[in-house]
Amino acid sequence: MNNYKSGFVTLLGRPNVGKSTLINKLVGKKITITSPIAQTTRNKLKGILTNDDNQIIFIDTPGVHKPHHLLGEKLVKNAKSAINGVDLILLIFDSCQKPGKGDAYIRNLLMNNKSKFIVVLNKWDLVEKKDRYERINQYKELFNDNLVSLQEVSALSGYGCNELIKEIRTALPTGKPLYPKDMIVDQPINVILSELIREQVLLNTREEIPHSVAVKIEKIEYIKKKGKEITAILATVIVERKSQKGILIGKGGSMLKAIGQSSRMNIKNLFEGTIYLELFVKVIPNWRKKESRLIEFGYEDDF
Ligand code: GDP
Ligand code: MG
């Protein structure tokens, strides 16, 4: 335990650069919501990686609400609050693109505050071989060669992730584990489950169903049948209009079935044994305008 290290690491970056995917990969479980549609992370989730040498607590910053407002106020606000009180910041970039004008903003913020940070070039799998050398140099230039550390990774394939964990460990202070060793998320399981189901609703319905969907976990039951573990989950998908309910259910229930099946696949990774998942759809007009509903569906912090 002498050289045990532990600390908080915030992931910071524009929407869609792969922050949530990277946390999932680093922690080794599917715990946060990822999606090709930007801004789906509503709650601040922590993912915890514990092993014999260190405990790293990753903090996923919620997305910026307006997709075009890329480096707007909210991201800067996130950056400012991320700087306070964490041990290290991972500044995540989509390395398909060279650094843009706005990126200098965040760089200055971090450098002026003397925050410890690692630059992570994610989606390295998508950068063509011939462009790779140049791309690294472009990011080094952004930091005027003042960089402590830069790591290329692919959150999808896991490329570079072990190296990144080593870099993180180096930067963390010596200390005891801060959370129980078997804990991988600090959110209640209800929140995780509803986020996983909501993710599948968004993925399966695309633009037809806007972000007016909430998922409420009604019941979780742990059953033991003939020595086998079964987790039975009952959830309601809430929409605002009747027409949305129709889309969600689909022809002969086909859409709801597809959503249920893919949700179950993801939920399976979190539990031992078999998962039963039953989904219902309910219309609550204007639920987003009702504060009591927001609290009921777990969004009290974010609207
Ligand atoms: P976030 O908004 O920063 O949390 O981004 P997400 O983790 O939700 O990822 C956004 C999209 O990028 C998803 O479709 C991911 O599958 C995809 N993605 C994330 N990391 C990688 C990567 O390393 N390579 C590729 N090809 N796609 C990635
Ligand atoms: Mg995210």
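As the structure is a prediction and not an experimental result, all values here were calculated from the model. Just so you know, these numbers use all the heavy atoms, side chains as well, and skip hydrogens, waters and symmetry mates. All residue numbers refer to positions in the sequence shown, counting from 1. Both ligands and their constituent atoms are indexed starting at 1 by order of listing.
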If the cut-off is 4.0 Å to any non-hydrogen atom of [X], which atoms of ligand 1 fall inside it?
{"X": "Ser20", "result": "4 (O), 7 (O)"}
{"X": "Lys19", "result": "1 (P), 2 (O), 3 (O), 4 (O), 5 (O), 7 (O)"}
{"X": "Asp125", "result": "22 (C), 23 (O), 24 (N), 25 (C), 26 (N)"}

(message) Just to be sure I read this right, does ligand 1 sit under 4.0 Å from the backbone of Leu156, its side chain, both, or neither, counting only heavy atoms?
(response) both
(request) Examine the proximity of ligand 1 to Leu126 and report which part, side chain or backbone, both or neither, has a heavy atom under 4.0 Å away. (result) side chain
(request) Nearest 0.5 Å please: distance from the CD1 atom of Ile223 over to the OG1 atom of Thr274. (result) 10.0 Å
(message) Can you confirm whether Ser243 sits close enough to Ile247 that some side-chain heavy atom of one is under 4.5 Å from a side-chain heavy atom of the other?
(response) no
Which pairs of donor and acceptor atoms, one on a side chain in residues 89-100, lie under 3.5 Å apart (sequence neighbours left out)?
from  : atom 1 : to     : atom 2 : distance (Å)
Asp94 : OD1    : Cys96  : N      : 2.9
Ser95 : OG     : Asn122 : O      : 2.5

(request) Name the option, out of Glu199, Lys123, Lys25, Arg14, that contains the heavy atom nearest to atom 17 (C) of ligand 1. (result) Lys123
(message) If the threshold is 4.0 Å, N to carboxylate O, is there a salt bridge linking Glu218 and Lys216?
(response) yes
(message) For the 3.5 Å polar cut-off, considering only N or O atoms, please tell me whether Val153 and ligand 1 meet it.
(response) no
(request) Check which hydrophobic residues are tied to Phe280 through side-chain heavy-atom contacts below 4.5 Å, counting indirect links as well, and list them. (result) Leu234
(request) Indicate yes or no for a side-chain donor-acceptor contact from Gln151 to the backbone of Glu167 under 3.5 Å, with no hydrogens or angles considered. (result) no
